[in-house]
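Along the sequence shown, residues are numbered consecutively beginning with 1.
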Amino acid sequence: MTTESKRPSHEVFHIEGEGKKAFWTKIGGAWTHDDGFTISLSCLPLNGRLVVRKPKQDDKSKGDAR
């Protein structure tokens, strides 16, 4: 797919635990489309939950420096 060669518009995290004790691990990226997302994962969690978020502004500027 041509859209996956571009930087993802969102990041995918696996979250274990609740509240302040929750542990977040970045496991992939997502690309938006007109009617949804294409999601690429580096692993498949068996528990916990997934959160898809837009990258923080600081993360974008770090990525551009590479």
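Between the Ser40 side chain and the Gly28 main chain, no donor and acceptor come within less than 3.5 Å of each other. The main-chain N or O of Leu44 is never found under 3.5 Å from a side-chain atom of His14 such that the two would form a donor-acceptor pair. Checking side-chain atoms of Ser9 against main-chain N and O of Lys54 turns up no donor-acceptor pair under 3.5 Å.
Going from atom NE2 of His10 over to atom OG1 of Thr32 covers 6.5 Å, rounded to the nearest 0.5 Å. With rounding to the nearest 0.5 Å, the separation of CZ in Phe13 from CG in Leu50 is 11.5 Å.
With a 4.5 Å cut-off on side-chain heavy atoms, Glu11 and Val51 do not count as touching. Taking the side chain as every heavy atom from C-beta outward, Arg49 and Glu18 approach each other to under 4.5 Å.
The environment of Asp34 atom CG is sparse: at most 12 non-hydrogen atoms of other residues, nucleotides or ligands sit within 6.0 angstrom.
The hydrophobic cluster containing Phe23 does not contain Val52, counting ILVMFWY residues as joined when their side-chain heavy atoms lie under 4.5 angstrom apart, directly or transitively.
Between Gly29 and Pro8, the shortest heavy-atom contact is CA-CB, 3.9 Å. Here the closest non-hydrogen pair linking Trp24 and Arg53 is CH2-CZ, 3.6 Å.
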